[in-house]
Protein chains: 2
Amino acid sequence: MSLQEELGLQNPFIDIRHEAVLNIVRTSNLLSLRAAQIFRGFDLTEAQFNVLFSLHFTKGNVTQAELGKRLVVTRASITSVLDKLEAKGLVRRAKVAGNRRIHHVIITPEGTRVVQQLEPPYRMGIHLALAGMEDEGCRHLIGELEEIRERLRQMMGNGELDEPEDS
Amino acid sequence: MSLQEELGLQNPFIDIRHEAVLNIVRTSNLLSLRAAQIFRGFDLTEAQFNVLFSLHFTKGNVTQAELGKRLVVTRASITSVLDKLEAKGLVRRAKVAGNRRIHHVIITPEGTRVVQQLEPPYRMGIHLALAGMEDEGCRHLIGELEEIRERLRQMMGNGELDEPEDS
DNA sequence: AAAATAATACTTGACATCAAACGGTTTTAT
DNA sequence: ATAAAACCGTTTGATGTCAAGTATTATTTT
């Protein structure tokens with residue numbers, strides 16, 4: 001089904017690149033929506049899942065700022081998401097000896113348990129959604145998207161979140 | 001640059017389909033971020049731009065619910081975005097004779113002027129981002145993404161927003 | 001040692017979004 | 001004609017997000 005039909009537009013796209021961009025965004029939204037369905041069964045939002053998942057597969061200690069970099073989200077966002085996760089007992093903040101500014105974010109055993117329960121349906125969903133694509137097609141798609149991001153980064157100046165704050 | 005480097009992950013992806021999905025989402029986010037840069041210069045958010053853009057290229061009258069369908073957003077969201085746009089004088093709600101439930105949403109001359117100023121840099125940004133792709137490559141990409149959405153829709157049951165409301 | 005600078009986390013205010021519920025309105029069924 | 005159902009816009013409450021600003025702590029410079 002084309003985007004034109006899907007969104008009930010009157011006219012076909014005149015610009016194939018515009019159509020491509022909207023396809024990327026729309027597919028991303030639909031993927032997030034599907035993921036949210038899975039997460040909701042575990043009383044987690046997408047943002048909370050991302051943090052938990054990232055922590056689960058990371059060896060060594062992580063600060064809030066590092067977590068923000070990995071998930072490409074501002075520090076402010078991390079703060080509020082961690083508040084929620086900490087309240088549920090899935091994560092805790094640990095003080096760091098020798099540097100009282102930073103916290104290490106640590107996943108609790110309970111948090112680990114949740115990730116382990118969540119992972120199978122999560123991966124299953126991904127494989128179902130991409131069941132029509134061969135490995136080679138996936139690699140090709142990935143390559144194209146990487147190139148688009150590369151050009152975007154050139155246009156945007158590195159894409160630094162958390163700006164200079166002032167001057 | 002691979003996602004693994006981009007996000008600072010310690011291990012390469014074991015699952016190529018997982019990597020593909022994250023590439024789609026990440027690219028979409030970056031596209032939105034770039035778009036937001038452009039919109040901000042015109043004091044518009046992405047949501048506000050979407051509404052304005054949709055109205056500009058639509059002949060005939062549009063209700064709020066129709067607008068919601070096109071932008072794949074709930075009626076509640078449309079309400080609040082229209083409130084903002086109306087306050088800026090870029091859009092107005094018109095009562096409809098013969099049906100007191102609905103409003104027609106109409107772009108004002110001022111709103112049209114904004115879209116016309118905004119469109120060139122918007123299209124330019126898209127073409128720069130996809131400068132590396134041939135038309136044929138774009139069509140191929142679109143086809144793949146459409147197939148992914150098709151499967152997602154099968155998994156999710158149509159994806160109807162604005163649920164039954166009761167009973 | 002003191003002052004300036006940078007880094008880290010938090011706070012606040014503004015948005016967009018959804019889910020759920022509500023009050024009118026219109027359409028459909030009985 | 002009346003009752004039931006569907007529809008439309010809105011409101012409320014919760015999330016997540018960003019931008020801008022503050023407080024605290026580390027580091028560097030002087």
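The basis for the numbers below is simple: all heavy atoms, side chains too, and nothing from hydrogens, waters or symmetry mates. To find a chain, count down the sequence lines: A is the first, B the second, and so on, and within it residues start at 1.
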Take A/R149 and B/N23, measure what side chain to side chain donor-acceptor pair (under 3.5 Å) needs, and give me the verdict at the end. CA-CA 9 Å; A/R149 288 204 304 280; B/N23 263 274; 2.8 Å; yes
Rounding to a whole Å, what distance do you find between [X]:[atom1] and [N]:[atom2]?
X      : N      : atom1 : atom2 : result
A/L71  : D/dT15 : CG    : C1'   : 16 Å
A/K95  : D/dA26 : NZ    : P     : 12 Å
B/N29  : C/dA16 : CG    : C1'   : 15 Å
A/I102 : C/dA9  : CD1   : P     : 7 Å
A/Q64  : C/dA7  : CD    : C1'   : 13 Å
B/L33  : D/dT17 : CG    : P     : 13 Å
A/R34  : C/dC18 : CZ    : P     : 18 Å

Give me the residues of residues 39-56 of chain B where at least one heavy atom lies under 4.0 Å from an atom of DNA chain C, by number, or none.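 Residues of residues 39-56 of chain B that come under 4.0 Å of DNA chain C are, in numerical order, B/T45, B/A47, B/Q48.
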Check DNA chain C against residues 77-84 of chain B and give the residues with a non-hydrogen atom under 4.0 Å, in numerical order.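 Of all residues in residues 77-84 of chain B, the ones placing a heavy atom under 4.0 Å from DNA chain C are B/S77, B/S80, B/V81, B/K84.
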Any B/R100 side-chain N or O less than 4.0 Å from OP1/OP2 of D/dC8: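 B/R100 to D/dC8 OP1/OP2: no side-chain N or O under 4.0 Å.
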Taking OP1 and OP2 of D/dA20, is either one under 4.0 Å from a side-chain nitrogen or oxygen of A/R75?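 No, no such contact exists.
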Nearest non-hydrogen partners of A/M133 and A/C138, listed with the distance: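 Heavy atoms of A/M133 and A/C138 come nearest at CE-N, 3.8 Å.
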Please find the pair of heavy atoms, one from A/F53 and one from A/V115, that lie closest to each other, and give the distance.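 The pair with the smallest heavy-atom distance is CD1-CG1, 4.2 Å.
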Shared hydrophobic cluster, A/M155 / B/L30 (ILVMFWY, side-chain heavy atoms < 4.5 Å):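 Linked, A/M155 and B/L30 end up in one cluster.
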Do B/I126 and B/L44 share a hydrophobic cluster (ILVMFWY, side-chain heavy atoms under 4.5 Å, transitive)?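 Per the 4.5 Å side-chain linkage, B/I126 and B/L44 are co-clustered.
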Heavy-atom donor-acceptor pair, A/R101 side-chain to C/dA7 base, under 3.5 Å: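 Yes.
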With ring-ring contact (aromatic ring centres under 6.0 Å, His included) as the test, would you mind laying out the steps for A/F42 and A/F49 before giving the verdict? CA-CA 10 Å; A/F42 293 79; A/F49 168 81; 9.4 Å; no
List in chain and number order the residues that pass salt bridge (charged side-chain N to carboxylate O under 4.0 Å, His left out) with B/D43, two or more places apart in sequence or in another chain; answer none if no residue qualifies.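 Here no residue qualifies.
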Assign the ring pair B/H18 / B/F13 to parallel, tilted or perpendicular, where the plane angle (0 to 90°) is split at 30° and 60°.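 Ring orientation of B/H18 relative to B/F13: perpendicular.
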A/A65 side chain, from C-beta outward: closest of C/dC10, C/dA9, D/dA19: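 When the side chain of A/A65 is considered, C/dA9 is the closest of C/dC10, C/dA9, D/dA19.
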Could you tell me whether the side chain of B/S54 and the main chain of B/N50 form a donor-acceptor pair under 3.5 Å?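 Not a single qualifying donor-acceptor pair exists.
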